[in-house]
Engineer: 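The following block contains the structure, expressed as C-alpha cells.
The sequence lines fix the lettering, A, B, ..., with proteins before strands; numbering per chain opens at 1. For the numbers below, each heavy atom of this structure counts, side chains included, while hydrogens, waters and symmetry mates do not.
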2 protein chains.
Amino acid sequence: MNIGKAAKLSNLTVKTVRYYADIGLVKPLKNCSTGYRDFSDDDLAQLQFVAKARRFNFSIQECEELLSLYSDKNRSSKEVKALTLEKISEIDAKLIELKDLRHQLSFLANNCQGNDRPECPILDELSNA
Amino acid sequence: MNIGKAAKLSNLTVKTVRYYADIGLVKPLKNCSTGYRDFSDDDLAQLQFVAKARRFNFSIQECEELLSLYSDKNRSSKEVKALTLEKISEIDAKLIELKDLRHQLSFLANNCQGNDRPECPILDELSNA
DNA sequence: CTTTACACTCCACTTACTGGAGAGTTTATA
DNA sequence: TATAAACTCTCCAGTAAGTGGAGTGTAAAG
C-alpha cells in the first residue's frame, strides 16, 4: 500500500511515516521507477505498534528494540521475554500514574461546579498526594 | 526550597526544572544576592502536576492552560470544568490504549516461552488488532 | 579552611518530528 | 484526451522539549 493509506491506518501523519522509513524503523519496499514507498501488512503492523508505544513515551530506540526481538533470530527467547516483561512493568507503573492523574482532574472538575469557585482545590490535592 | 529538592520531589531533573522556570511555567522567587531560585510548596505542586501530565504527552502549553485555570480568577467555573472534562476523556482514551499495549506485550511474553521460538507471534497479533 | 556538593548562566546539541518549496505521478472529471 | 485534483517524492529549515558541558559562584561538612 502507499504511504497515505499506511499513515491513515496507523494514525500517523504521512510526514511521520516517511520519517520512520528514513531512519530505518520500518523498511518498506521502494518502487524503482516512481520512487513511491510500498508498505506491506507487516510494515503496517509495525507502524501501528510504534504509534501506540510512542504515545506513551517509549523512545524510538525502545520501539526499535522491541521490534527487533521478532526479526533477530539470534536472540534467545529468554532475552525476548525479559525485555518484554520489563516493558510490561513500566506500563503497569504508567497505568497507575495515569489513573492517578485522572483522579486528580475529576476531583477538580467536581469541586469547581459552584459558580463562586473558592480557592483552588487542586493545589491542595496535589500537595498531599 | 532549592531547585535540587524541588527536582527530587517532583521526579524531574534539575535541568528540566530550570527550563520550566525559564519559560515561565513555574515562577519561583529568586534570591537577589545569590541568584538561587526558591520554590514554594505551590511551585512544587505545580511541578508535580506538570511532571505527571508531561509523562502522558500533554504538551507544555496544555499544562500551562490547566495550571492557569486556578490562578486566573476571571475564568468562569464552567470553563474550568469543560476543559478539565475534556482532558479526562483524553485520559480515558489513553487508558484504553495503554491497557491494549500491555495486552499485546503480555501476549508476546507468553508466546515466546519455549526455547524454539517459532515465527513472530506479535506481528500476527498486531495485524488483526 | 578547604573540599565537596550544589547553584548559576550561556550556548551548543539532540530527539522526534513538522512545514514548505519545488517537482514528478496517478486518478477523476470535463 | 486534456487537465485539474490528489497524492507522492526529496531537500532543507524550523520547532518543542529538553540535555550536556564549560566556566563560575555559594553553602555545608569535615
Engineer: Quick one: on DNA chain C, does A:Tyr20 or B:Tyr36 contact a more 5' nucleotide (nearest heavy atom)?
Structural biologist: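 It is B:Tyr36, whose closest nucleotide lies nearer the 5' terminus.
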Engineer: Would you please confirm or rule out a distance under 4.0 Å between OP1 or OP2 of D:dT10 and any side-chain N or O of A:Lys30?
Structural biologist: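 So the side chain of A:Lys30 is within the cut-off, an N or O lying under 4.0 Å from OP1 or OP2 of D:dT10.
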Engineer: Just N and O in the side chain of B:Arg37: are any of them under 4.0 Å from OP1 or OP2 of C:dA7?
Structural biologist: no
Engineer: So does B:Thr16 get a side-chain nitrogen or oxygen closer than 4.0 Å to the phosphate oxygens (OP1/OP2) of D:dT19?
Structural biologist: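 For D:dT19, OP1/OP2 do have a side-chain N/O of B:Thr16 under 4.0 Å.
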Engineer: Just verifying a value: how many Å separate A:Leu101 CG and B:Phe49 CZ, rounded to the nearest 0.5 Å?
Structural biologist: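 Atom-to-atom, A:Leu101:CG and B:Phe49:CZ are 6.0 Å apart.
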Engineer: Over how many whole Å does the gap from B:Tyr19 atom OH to C:dC8 atom P extend?
Structural biologist: 17 Å
Engineer: Heavy atoms only, 4.0 Å cut-off, all strands: where does A:Arg54 land among base, sugar-phosphate and nothing?
Structural biologist: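 A:Arg54: backbone/sugar contact only, no base atoms under 4.0 Å.
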Engineer: Could you tell me the separation between the OH atom of B:Tyr20 and the CD atom of B:Gln46, rounded to the nearest 0.5 Å?
Structural biologist: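 These two atoms lie 12.5 Å from each other.
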Engineer: Return the value, rounded to whole Å, for the distance between atom CD1 of B:Ile3 and atom P of C:dA5.
Structural biologist: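 Distance check: B:Ile3 CD1 to C:dA5 P gives 19 Å.
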Engineer: How is B:Lys8 classified with respect to the nucleic acid when contacts are heavy atoms under 4.0 Å: base, sugar-phosphate, or nothing?
Structural biologist: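 The answer is nothing, as B:Lys8 stays clear of every strand by at least 4.0 Å.
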Engineer: Is the phosphate of D:dC9, meaning OP1 or OP2, less than 4.0 Å from a side-chain N or O of A:Arg18?
Structural biologist: yes
Engineer: Rounded to whole angstroms, how far apart are CG on A:Asn31 and P on D:dC7?
Structural biologist: 19 Å
Engineer: Any side-chain donor paired with an acceptor under 3.5 Å for A:Asp43 and A:Ser40?
Structural biologist: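 Side chains of A:Asp43 and A:Ser40: pair found under 3.5 Å.
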Engineer: If the threshold is 4.0 Å, N to carboxylate O, is there a salt bridge linking A:Lys15 and A:Asp22?
Structural biologist: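 Salt bridge between A:Lys15 and A:Asp22, a charged N being under 4.0 Å from a carboxylate O: no.
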